Amino acid sequence: MTKHIFVTGGVVSSLGKGLTASSLGRLLKSRGLRVTMQKLDPYLNVDPGTMNPFEHGEVYVTDDGGEADLDLGHYERFVDESLSRASNATTGSIYSSVIAAERRGDYLGKTVQVIPHITDEIKRRISLLAEDDVDVVITEVGGTVGDIEILPFLEAIRQFRLDVGRQNVCYVHVTLVPFIGPAGELKTKPTQHSVTELRSRGVQPDVIVCRSDRRISDGLRQKISDLCDVPIEGVINAPDASSLYEIPLVMHEAGLDDYTCRLLGLETPDPDLADWRELVGRVERAWKPLKIGIVGKYVTLADAYLSVAESLRHAAFEHEVDLEIEWVMSDHVEGLLVGEMLGGLDGIVLPGGFGERGVEGKVEAASYARETGLPCLGLCLGMQVMTIEFARNVLGLSGANSSEFDTQDAATPYPVIDLMETQRGVTDMGGTMRLGAYVAVLDEGSQIADIYGDLVVQERHRHRYEFNPKFRSKFEEAGLRCSGTSPDGLLVEFVELEGHPFWIGTQAHPELKSRPNRPAPLFDAFIAAALERAEAADPDRYASFHLTQDDVLEPAESGARPSDRS
């Protein structure tokens, strides 16, 4: 029977419930178990698709077109399994389902209540993932214990243990153990209060994961064990790590996966963590300095571009690059000396987004990269602004723009980015969106085909506007090659500038399929191009190291020691 692990959190938000769940998923998969994951979000939105990125960070998209919480990105990156729309459920979607069922008469006239109808729907969503080919379902409950909106979820997971049997459920609670500077002590009281609140809702944690900025002593673990009624083996310390990819190893050393498997009666071999240790070793060995700018409109909240940043890091690990990300507000690029803002960068990424604000800054950034040979990767809206820039400054189409930014008084005379005809007149905010995984056919001999090593690829999408095929011949005659299209040839999926080291745009979001030990091909090629340019410009900066047979790091003959981290 499928086993279920529920991860809750207390004291404060952003403690790392998602990373704890993801790390445990990685460890269990490394033991040969078949793992899938889920996020239950207490907010009333049906999904995060219409939420401002400043409110909730990026919207993660699954292969089947589900718009989901960004924690699903952590799940997929760590567990390396493609999830579905069933892996994210919100209060809004749950209430919508219950209300729709009531309107259909499914409840036969009964009074519809939180218990049992809402809790039953929550349990149904959890059970959807417990298929025959799944050994363990890990479900993260969003929010913190004590929030009023989380109560139906806590009640549902309490009932769930009764429904499927105590031996098939494990509750993991993530809490804070803060260090109080003036006292010079780590304090357990916040954890005690959080567990008390959770127990008041009928849920006794089996495991407590204690987040702290330093290691806690065995004495403090014993204190938490005694006061929270959890065996000391179940009190897991998770101190801050230098890299989020170290967290599974930290959790394993603390015994999280061993103890969880014993609780659930899972007889497994020790985890095979060789690949993951190699990944962490690459992270630690990275030394080649590289500065990449992300030119976007939401850069004051890094989570708005979480998958983009992680994909850059994945590619950086592969090339031993010590990556520095420069967050560039696209609004500030407009009307300023672009060279002063971008001149110190080794490459730029133009990420996705919606709305007109900041677009002109992205256009200027794309222009600077095209004219100076700076590697530039455009994603979704990023590809669209590269198209707009080329139309204005190379094709001479003054006023070229996307019809997304048309107003009643000022429509662009050259809508090089436009809605598909089939989308016109649809008013539903999601009705005109191209969501989920779509196939693209690549031109043989193109940069894109060389990068992917294939002529048929599949990437995820989340956008409404498309490259206008009416202008395609003009672009290609001037050197902007439409090197990848939909199978029917109607939709342009990739563009590349002939003669430029790397000026490539895609209508897709390849960052959503990147993995820490298997970087997305476009990001891998982009980092390689940026590194090649930087090394050519300043060879001394990249004097390399090599390992001797005795595994002692020595400077190469060509240069001095670049970094103690090497």
Side-chain angles (χ1 to χ4, degrees), residues 295 348-353 356 359-406 411-421 423 434 438-452 455 457 459 461 463-510 522 525-526 529:
V295 184
I348 61 171
V349 177
L350 305 175
E356 186 173 9
V359 165
E360 291 302 318
K362 287 189 177 186
V363 171
E364 292 194 38
S367 180
Y368 176 84
R370 180 180 57 79
E371 293 173 352
T372 62
L374 183 70
C376 177
L377 173 60
L379 309 171
C380 197
L381 178 62
M383 186 205 86
Q384 295 175 7
V385 299
M386 293 168 79
T387 303
I388 293 166
E389 188 280 327
F390 195 87
R392 292 178 185 176
N393 299 325
V394 178
L395 300 183
L397 302 179
S398 179
N401 213 332
S402 168
S403 59
E404 178 182 0
F405 313 130
D406 281 350
T412 175
Y414 303 108
V416 293
I417 303 296
D418 201 3
L419 286 174
M420 293 184 292
E421 289 300 324
Q423 295 173 332
R434 194 145 65 102
Y438 286 84
V439 171
V441 178
L442 310 182
D443 283 357
E444 191 169 0
S446 64
Q447 271 186 283
I448 292 293
D450 289 343
I451 287 169
Y452 278 95
L455 295 180
V457 299
E459 296 287 8
H461 290 246
H463 62 94
R464 182 173 287 111
Y465 289 80
E466 305 280 355
F467 184 104
N468 191 336
K470 296 176 182 177
F471 295 89
R472 180 173 174 178
S473 60
K474 291 182 181 294
F475 280 97
E476 296 198 313
E477 288 168 7
L480 188 66
R481 184 176 183 178
C482 298
S483 51
T485 65
S486 57
D488 60 10
L490 296 179
L491 303 177
V492 173
E493 299 280 18
F494 296 91
V495 298
E496 60 186 57
L497 181 59
E498 296 176 354
H500 193 286
F502 196 102
W503 204 77
I504 291 175
T506 174
Q507 189 65 83
H509 286 277
L522 268 181
F526 169 70

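Fair warning: this is a prediction, and the values are worked out from it, not measured in the lab. In what follows, every heavy atom counts, from backbone to side chain, and hydrogens, waters and symmetry copies are set aside.
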Side chain to side chain donor-acceptor pair (under 3.5 Å) with [X]: which residues, sequence neighbours excluded?
{"X": "Gln447", "answer": "none"}
{"X": "Tyr452", "answer": "Glu459"}
{"X": "Thr372", "answer": "none"}
{"X": "Glu493", "answer": "Arg434, His461"}

In the structure I gave you, are the side-chain heavy atoms of [X] and [Y] within less than 4.5 Å of one another anywhere?
{"X": "Leu491", "Y": "Gln507", "value": "no"}
{"X": "Leu379", "Y": "Pro510", "value": "yes"}
{"X": "Met386", "Y": "Leu497", "value": "no"}
{"X": "Phe494", "Y": "Ile451", "value": "no"}
{"X": "Lys474", "Y": "Val416", "value": "no"}

Could you state the interatomic distance from [atom1] ([X]) to [atom2] ([Y]), rounded to the nearest 0.5 Å?
{"X": "Leu381", "Y": "Ile388", "atom1": "CG", "atom2": "CD1", "answer": "7.5 Å"}
{"X": "Ile448", "Y": "Asp443", "atom1": "CD1", "atom2": "CG", "answer": "10.0 Å"}
{"X": "Arg370", "Y": "Leu480", "atom1": "CZ", "atom2": "CG", "answer": "10.0 Å"}
{"X": "Tyr438", "Y": "Ser486", "atom1": "OH", "atom2": "OG", "answer": "10.5 Å"}
{"X": "Thr412", "Y": "Asp418", "atom1": "OG1", "atom2": "CG", "answer": "9.5 Å"}
{"X": "Arg464", "Y": "Leu419", "atom1": "CZ", "atom2": "CG", "answer": "8.0 Å"}

If you compare all heavy atoms of [X] against all heavy atoms of [Y], which two are closest, and at what distance to 0.1 Å?
{"X": "Ala365", "Y": "Ile348", "value": "O-CD1, 3.6 Å"}
{"X": "Cys380", "Y": "His463", "value": "SG-CB, 3.4 Å"}
{"X": "Cys376", "Y": "Ala369", "value": "CB-CB, 3.7 Å"}
{"X": "Cys482", "Y": "Phe467", "value": "SG-CZ, 3.9 Å"}
{"X": "Phe475", "Y": "Ala391", "value": "CZ-CB, 3.8 Å"}
{"X": "Lys362", "Y": "Val295", "value": "CE-O, 3.4 Å"}

Show me the donor-acceptor pairs, under 3.5 Å and distance only, between side chains in residues 394-402 and residues at least two apart or in other chains.
{"unit_1": "Ser402", "atom_1": "OG", "unit_2": "Glu404", "atom_2": "N", "d": "3.1"}

query = Counting distance only, does the side-chain N/O of Ser403 pair as donor-acceptor with the main-chain N or O of Asp406 below 3.5 Å?
reply =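 It does not hold such a pair.
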
task = Any side chain to side chain donor-acceptor pair (under 3.5 Å) involving residues 494-506? Give me the pairs, sequence neighbours left out, ordered by first then second residue.
result =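 The answer is Ser483-Glu496.
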
